[in-house]
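As the structure is a computational prediction, the values presented were derived from the model and not from experiment. First the proteins, then the strands, lettered A, B, ... as listed; each starts at 1.
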Amino acid sequence: MQHPSPSQGPHSPQPGRPLRLVKLPRSFYLRNTTTVARYLLGKYLVRRLGNQRLIGRIVEVEAYLGSRDPASHAYRGRTRRNDVMFWVGGHLYVYFTYGMHFCANVVTCEKGIAHAVLIRALEPVAGLEIMRRNRGRAAARDLCNGPAKLCQALSIRRAENGTDLCGLSIWIAARAGRAKKLKVSRSTRVGITSGREHRWRFYLPESPFVSPGKPS
DNA sequence: TAGTTGATCGTCT
DNA sequence: GACGATCAACTAA
């Protein structure tokens, strides 16, 4: 199985050149979690709302490695909240935090292995008007540059927890055609205070759409 | 521009 | 009952 590699190039569709996207297969998610995290950069998160499509290019992610990662929700085993993390790769794990925010994760690996990749920031590509309405803000740069912001912009909430990314409501896609090499940076994750922190945050250093969290 | 703080509630201990 | 994979508004410099 050939997997698309990180792609670069024009982030938004050129006028007259429609953005052609190919949905990622299940096998994309069934690999090593940090590998999936890195390869998610440059891919497109597609959210279907009725006949509208909201699309954002993934520019920042963090890997969470289940039982071997104290920062992971699944570190202490399976609970009702983190159940989706134990599903087969290619599902969406949405959790509620700080009493008012939702964050979206891509579940990776085989069934029973609670690894996931948190999507931290997107570059808005399509459906910006709806995103603005959802966010109540105008600046494209502020629409999706944080894990809770992008959930708000794409209208991802509790109901989307457990969504199959190989289905028809939310999926991740690559640009059709040949992929170019991407410049990828890594750093420690944002907001992690417990234990020795790993450099499992991956981002595109040249993108102005990464979250304001400070890399180290 | 950087730092601080309040909002707000599900989840787990 | 404490805490949190956050955000936005506010203040100080």
Side-chain angles (χ1 to χ4, degrees), chain A residues 29 33-34 36-38 40-41 45 56 58-87 89 91-109 113-124 128 131-163 165 170 172 184-204 207-216:
Chain A
Y29 305 100
T33 303
T34 51
V36 175
R38 208 171 56 239
L40 278 173
L41 294 175
L45 178 63
I58 300 172
V59 297
E60 182 182 347
V61 296
E62 284 177 1
Y64 287 85
L65 272 60
S67 55
R68 48 181 279 216
D69 179 4
S72 168
H73 286 173
Y75 182 61
R76 290 184 183 79
R78 197 165 185 162
T79 65
R80 206 171 61 180
R81 180 202 203 189
N82 66 27
D83 195 64
V84 173
M85 292 185 80
F86 290 81
W87 297 10
H91 284 87
L92 194 68
Y93 166 51
V94 180
Y95 68 87
F96 184 73
T97 189
Y98 291 104
M100 62 189 95
H101 298 301
F102 292 100
C103 298
N105 298 249
V106 174
V107 177
T108 61
C109 301
I113 301 174
H115 289 194
V117 177
L118 171 71
I119 302 176
R120 287 196 56 87
L122 301 173
E123 171 186 342
L128 269 72
M131 293 185 194
R132 286 196 181 98
R133 210 179 313 146
N134 289 342
R135 294 266 302 128
R137 313 195 128 230
R141 206 169 158 150
D142 290 333
L143 286 176
C144 301
N145 64 340
K149 294 180 188 178
L150 68 92
C151 282
Q152 194 179 20
L154 270 62
S155 193
I156 294 173
R157 288 163 293 206
R158 191 183 317 283
E160 279 62 54
N161 188 30
T163 300
L165 294 173
I170 304 173
I172 296 171
V184 172
S185 293
R186 63 190 295 178
S187 73
T188 54
R189 294 173 295 184
V190 176
I192 309 297
T193 51
S194 59
R196 197 180 105 255
E197 178 45 7
H198 303 274
R199 296 173 71 226
W200 286 340
R201 171 175 178 254
F202 300 89
Y203 61 100
L204 302 181
S207 172
F209 295 90
V210 299
S211 74
K214 292 180 178 51
S216 54

For residues A/P212 and A/N145, report the shortest heavy-atom separation together with the two atoms involved. CD-O, 3.4 Å
For A/H115 and C/dA5, give me the distance from atom NE2 to atom P, rounded to whole Å. 17 Å
For a quick check of understanding: with a heavy-atom distance under 4.0 Å over all strands, which category does A/Y98 fall into, base, sugar-phosphate or nothing? base
Strand-adjacent residues in residues 60-69 of chain A, judged by heavy atoms under 4.0 Å from DNA chain C: A/Y64
With a 4.5 Å cut-off on side-chain heavy atoms, are A/T33 and A/C109 touching? yes
Determine: side-chain N/O of A/T97 to OP1/OP2 of C/dT6, distance under 4.0 Å, yes or no. no
Over how many whole Å does the gap from A/Y95 atom OH to B/dT11 atom P extend? 13 Å
When you measure from the side chain of A/H101, which nucleotide among B/dA7, C/dT6, B/dT11 comes out closest? C/dT6
Could you give the CZ-to-P distance, from A/R157 to B/dC9, as a whole number of Å? 16 Å
Where are the stems of DNA chain B, defined as at least 3 consecutive Watson-Crick or wobble G-U pairs with both distances under 3.5 Å? B:1-7 with C:6-12, B:9-12 with C:1-4
Which of the following nucleotides, B/dA7, C/dT6, C/dA8, is nearest to the side chain of A/R120? C/dT6
note: A/M100, atom CE; B/dA7, atom C1'; distance rounded to Å ~ 4 Å
A/R141 atom CZ, over 12 foreign heavy atoms within 6.0 Å: no
Classify the ring geometry between A/H91 and A/W87 as parallel (under 30°), tilted (30 to 60°) or perpendicular (over 60°). perpendicular
Looking at A/R186, A/R38, A/R201, which hits salt bridge (charged side-chain N to carboxylate O under 4.0 Å, His left out) with A/E60? A/R201
Among B/dT13, B/dG10, C/dC7, which is the nearest nucleotide to the side chain of A/F96? B/dG10
Flag the pair A/P147 / A/E62 as yes when at least one side-chain heavy-atom distance between them is below 4.5 Å, and no otherwise. no
Should A/F202 and A/T34 count as side-chain neighbours, where that means a heavy-atom distance under 4.5 Å? yes
If only side-chain N and O atoms of A/R135 are considered, is one of them under 4.0 Å from the OP1 or OP2 phosphate oxygen of C/dC7? no
A/Y75 OH to C/dG4 C1': how many Å, rounded? 18 Å
Whether A/R120 side chain and A/V210 backbone form a donor-acceptor pair below 3.5 Å: no
Rounded to whole Å, please give me the gap between CD in A/Q152 and C1' in C/dC7. 9 Å
Would one find a side-chain N or O of A/R201 under 4.0 angstrom from OP1 or OP2 of C/dA5? no
Figure out the CZ/P separation between A/R80 and B/dC12, and round it to whole Å. 8 Å
Using the side-chain hydrogen bond (donor to acceptor under 3.5 Å, both in side chains) definition, which of the options A/Y93, A/Y64, A/Y95 pairs with A/H73? A/Y93
Output yes when a side-chain donor or acceptor of A/D69 lies under 3.5 Å from a complementary backbone atom of A/A71, and no otherwise. yes
For C/dA5, take OP1 and OP2 only and decide whether either is under 4.0 Å from a side-chain N or O of A/H73. yes
Roughly, in whole Å, what's the span from CZ in A/F102 to C1' in B/dT11? 13 Å
Looking at C/dT6, B/dT11, B/dT13, which one has an atom nearest to any side-chain atom of A/R76? B/dT13
